[in-house]
**Q** 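Here it is, the structure in full.
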Amino acid sequence: MSKILIVDDEMQIRTLLARMMELEGYEVCQAGDCRAALKQLELQSPDVALCDVFLPDGNGVDLVLAIKKAAPNVEVILLTAHGNIPDGVQAIKNGAFDYITKGDDNNKIIPLISRAVEKAAMNARLEKLEKKVGQAYSFDSILGESKSLKDAVSLAQKVSVTDVPVLLTGETGTGKEVFAQAIHYSSKRARQNFVAVNCSSFSKELLESEMFGHKAGSFTGALKDKKGLFEEANNGTIFLDEIGEMAFELQAKLLRILETGEYIKIGDTKPTCVNVRIIAATNRNLPEEIAKGRFREDLFYRLSVFQVHLPPLRERAGDIRLLAKAFVKNFSAQLARSITEITPEFLTTLELQPWKGNIRELRNVIERSLIVCEGEQLTIADLPLDIQNAHYEQSDEETPGSFELSAMERRHIARVLEYTKGNKTEAARLLKIGLTTLYRKIEEYKI
């Protein structure tokens, strides 16, 4: 049930308004002056405040500011016996939902309250969503206990409170976009847009149009004006992933934005001004790209005011177990699976992998394992064949029995199954054995 706070120094008016609100199904609390109103605001947590303008200890127009400061989600409607335009304008500037005159506008109060209640509910939902998003993309969401990762997180936290450009370096799949989001949501721009663009996903012409926008008629197919991603990110953050793939000609435009905060759209003659924080990322060695003439040296120095290097997963093997368990928990919820146990052999096998695709590859392997798992326990048999084979080959090499016929047969069957992508009928045909025999050997060798 929505709650309405009525603030008026006249008891009769408060009683009348309270009766009207209660008949509409609202819960009501009352106050006779500004001080009592702020106390009721703290104790009752109303959704909407209906306030008189002239109060014994202050002015309702000023009270709007105090209410909005104490409870930003509360909507305030001001009532006055003698309305005037300057007060109405100032009330709206202070954050009032509306400003109406007593008597003349009595028939408007109920519909107005209804709209204000809806807006207050929307404000509360938005705040809850923003809080949830902030938690999901905070630095706390970056899992790992290794020193190299903690050093990277520490650097990113320090730069997040500033507005300087950041260059994130590291191999593919190390979590550069996760870091970029954490930096944005920990900054003063957190309530503004975070826009991500992969520079390798577009041709030069399309990337220019996507990033900077264009005017209608500037080229064939440009039927109307288009806002670019930099405009969408205005006052927020733009994340330029794979910046090393950006066409050399576009790098000059990006440099101009970094230096002046403006650029010219395709087909335009006037500059467009933006206030954007730029976070760039690359898995390339940019100094080498500069030496080869593929990347501007001046742009590199502007982008790399602050660099953060993200370590590959193989250099933080101690974090694999922690990440794997977190991914299992997340995917169990998404896939509606009940995984009660992860075998030690499963986790040990993951720790021994090189993970060329880093965290992204590990995440995909865990998701795939949950999909194929038939019970409530994740075992090595749920891992992709290539990972299983690597594990058993390593195990075979470490034992004197690696030259036994059974060990060689096991490796050969595993390789054939990998070749057929798990198609057992095709594997049995290639091995020239019966399908029943193949199933028996798969069970026997625990392939």
Side-chain angles (χ1 to χ4, degrees), residues 139 148-149 151-172 174-184 186-189 192-204 207-208 210-213 228-266 271-312:
F139 284 106
S148 57
L149 181 72
D151 288 345
V153 169
S154 177
L155 283 173
Q157 285 175 320
K158 289 175 182 177
V159 76
S160 66
V161 296
T162 73
D163 255 350
V164 302
V166 180
L167 179 63
L168 303 173
T169 61
E171 297 177 7
T172 297
T174 49
K176 295 187 283 293
E177 185 166 350
V178 173
F179 264 76
Q181 289 170 331
I183 291 171
H184 169 74
S186 298
S187 73
K188 60 186 179 183
R189 298 175 182 263
Q192 305 299 325
N193 285 345
F194 174 87
V195 176
V197 55
N198 190 316
C199 299
S200 66
S201 299
F202 303 94
S203 65
K204 170 188 170 294
L207 181 61
E208 183 174 12
E210 287 294 316
M211 288 178 63
F212 306 112
L229 294 176
F230 270 94
E231 277 186 278
E232 295 290 348
N234 193 29
N235 297 317
T237 302
I238 190 164
F239 173 57
L240 303 176
D241 199 7
E242 305 297 350
I243 189 71
E245 306 287 339
M246 180 180 282
F248 195 83
E249 297 84 350
L250 294 185
Q251 294 174 24
K253 266 195 169 183
L254 180 57
L255 179 63
R256 180 168 178 80
I257 293 176
L258 283 162
E259 291 179 339
T260 66
E262 63 181 36
Y263 62 93
I264 297 178
K265 292 182 180 181
I266 301 171
T272 299
C273 297
V274 289
N275 175 10
V276 177
R277 201 241 183 105
I278 295 176
I279 302 176
T282 182
N283 59 8
R284 291 194 174 196
N285 186 318
L286 291 187
E288 286 184 5
E289 296 297 301
I290 292 169
K292 294 174 182 176
R294 293 200 289 251
F295 202 83
R296 294 181 64 110
E297 187 172 16
D298 47 3
L299 177 59
F300 171 70
Y301 289 124
R302 287 307 303 263
L303 286 173
S304 61
V305 172
F306 200 95
Q307 284 193 49
V308 180
H309 179 72
L310 276 58

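None of the values given here were measured: they were computed from a predicted structure. In this chain, residues are counted from 1 in sequence order.
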**Q** Quick one, Phe295 and Ile243 - any side-chain contact, counting heavy atoms below 4.5 Å?
**A**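 Touching, per the 4.5 Å side-chain cut-off.
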
**Q** What is the distance from atom CE of Met211 to atom SG of Cys199, rounded to the nearest 0.5 Å?
**A**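 Taking CE in Met211 and SG in Cys199, the distance rounds to 5.5 Å.
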
**Q** How about Ile238 and Phe194: do any of their side-chain heavy atoms sit closer than 4.5 Å?
**A**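 Result no, sub-4.5 Å side-chain heavy-atom pair not found.
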
**Q** Yes or no on side chain to side chain contact (heavy atoms under 4.5 Å, CB included) for Thr237 and Gln192, after CA distance, side-chain angles and deciding distance?
**A** CA-CA 8 Å; Thr237 302; Gln192 305 299 325; over 6 Å; no

**Q** Within the 4.5 Å heavy-atom criterion, are Leu254 and Leu240 side-chain neighbours or not?
**A**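 Touching, per the 4.5 Å side-chain cut-off.
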
**Q** Does any pair with a residue in residues 246-256 pass side chain to side chain donor-acceptor pair (under 3.5 Å), and if so which ones, sequence neighbours excluded?
**A**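 The answer is Glu208-Lys253, Arg256-Glu262.
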
**Q** Distance from Phe239 atom CZ to Ile278 atom CD1, nearest 0.5 Å?
**A**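 Nearest 0.5 Å value for the CZ-CD1 distance: 12.5 Å.
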
**Q** Can any side-chain N or O of Asp241 pair as donor or acceptor with the backbone N or O of Val197 at less than 3.5 Å?
**A**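 Side chain of Asp241 to backbone of Val197: no pair is present.
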
**Q** Using a 6.0 Å cut-off, check whether atom NZ of Lys204 has over 12 heavy atoms from anything other than its own residue.
**A**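 Enclosed: over 12 neighbouring heavy atoms sit under 6.0 Å from NZ of Lys204.
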
**Q** So do Leu168 and Thr174 actually touch side chain to side chain, heavy atoms under 4.5 Å?
**A**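 No, every pair of side-chain atoms sits at 4.5 Å or beyond.
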
**Q** Does Arg189 use its side chain to pair, donor to acceptor, with the backbone of Asn235 at less than 3.5 Å?
**A**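 It does hold such a pair.
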
**Q** Quick one: does any side-chain atom of Lys265 pair with a main-chain N or O of Thr272 as donor and acceptor, under 3.5 Å?
**A**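 Not at all, since once roles are kept as given, no pair shorter than 3.5 Å links the two residues.
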
**Q** At their closest point, which heavy atom of His309 faces which heavy atom of Gly170, and how far apart are they?
**A**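 Taking every non-hydrogen atom into account, CE1-CA, 3.9 Å.
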
**Q** State whether the number of non-hydrogen atoms from other residues, nucleotides or ligands found under 6.0 Å of Tyr301 atom OH is greater than 12.
**A**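 Counting other residues, nucleotides and ligands, OH of Tyr301 stays at 12 neighbours or fewer.
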
**Q** Taking all non-hydrogen atoms of both residues into account, name the closest pair between Ser304 and Phe300 and its distance.
**A**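 That closest heavy-atom pairing would be OG-O, 2.6 Å.
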
**Q** Do you know the tightest heavy-atom contact between Asn275 and Asn234?
**A**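 Asn275 and Asn234 have their closest heavy atoms at N-OD1, 2.7 Å.
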
**Q** Contact between Ile257 and Arg302 at the side-chain level, heavy atoms closer than 4.5 Å - yes or no?
**A**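 Counting from C-beta outward, Ile257 and Arg302 never come under 4.5 Å.
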
**Q** Within this structure, what is the CG-NZ distance for the pair Asp163 and Lys188, rounded to the nearest 0.5 Å?
**A**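 Here the rounded value is 4.5 Å.
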
**Q** Any heavy-atom pair between the side chains of Leu167 and Leu286 that's under 4.5 Å?
**A**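 Leu286 reaches Leu167 side chain to side chain.
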
**Q** Backbone N or O of Val195 within a donor-acceptor pair of the His184 side chain at under 3.5 Å?
**A**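 Between the backbone of Val195 and the side chain of His184 there is no qualifying donor-acceptor contact (under 3.5 Å).
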
**Q** What residues form a side chain to side chain donor-acceptor pair (under 3.5 Å) with Glu210, not counting sequence neighbours?
**A**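 Per chain and number, Glu210 pairs via side chain to side chain donor-acceptor pair (under 3.5 Å) with no residue.
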
**Q** Specify whether Phe212 and Tyr263 have parallel, tilted or perpendicular ring planes, treating 30° as the upper limit for parallel and 60° as the lower limit for perpendicular.
**A**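 Answer is tilted, since the angle falls between 30° and 60°.
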
**Q** State plainly whether the residues Glu288 and Arg294 are in salt-bridge range, i.e. N to O under 4.0 Å.
**A**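 No salt bridge links Glu288 with Arg294.
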
**Q** What are the two closest heavy atoms between Ser160 and Ser187, and how far apart are they?
**A**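 Minimum heavy-atom contact is O-CB, 3.1 Å.
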
**Q** Given Leu155 and Phe306, is the side chain to side chain contact (heavy atoms under 4.5 Å, CB included) satisfied, shown in steps?
**A** CA-CA 9 Å; Leu155 283 173; Phe306 200 95; 3.9 Å; yes

**Q** Return the OG1 to CZ distance between Thr169 and Arg284, rounded to the nearest 0.5 Å.
**A**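 Between atom OG1 of Thr169 and atom CZ of Arg284 there are 14.5 Å.
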
**Q** Could you pull out the closest heavy-atom pair between Pro165 and Val305, with the gap in Å?
**A**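 Heavy atoms of Pro165 and Val305 come nearest at O-CB, 4.0 Å.
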
**Q** Tell me whether Arg277 contacts the main-chain N or O of Val166 through its side chain, where contact means a donor paired with an acceptor under 3.5 Å.
**A**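 No; judged by distance alone, with no hydrogens or angles, the pair does not exist.
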
**Q** Can you give me the closest heavy-atom contact between Lys176 and Ala281, atom names plus distance?
**A**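 So the two residues come closest at CD-CB, 3.7 Å.
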
**Q** Rounded to the nearest 0.5 Å, what separates atom CG in Asp298 from atom CD in Glu259?
**A**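 Result: 7.0 Å between the selected atoms.
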
**Q** Can any side-chain N or O of Asn193 pair as donor or acceptor with the backbone N or O of Gly236 at less than 3.5 Å?
**A**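 Answer holds: no.
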
**Q** Measuring from atom OG1 of Thr282 to atom CG of Leu303, what distance do you get when rounded to the nearest 0.5 angstrom?
**A**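 Here the interatomic distance stands at 10.0 Å.
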
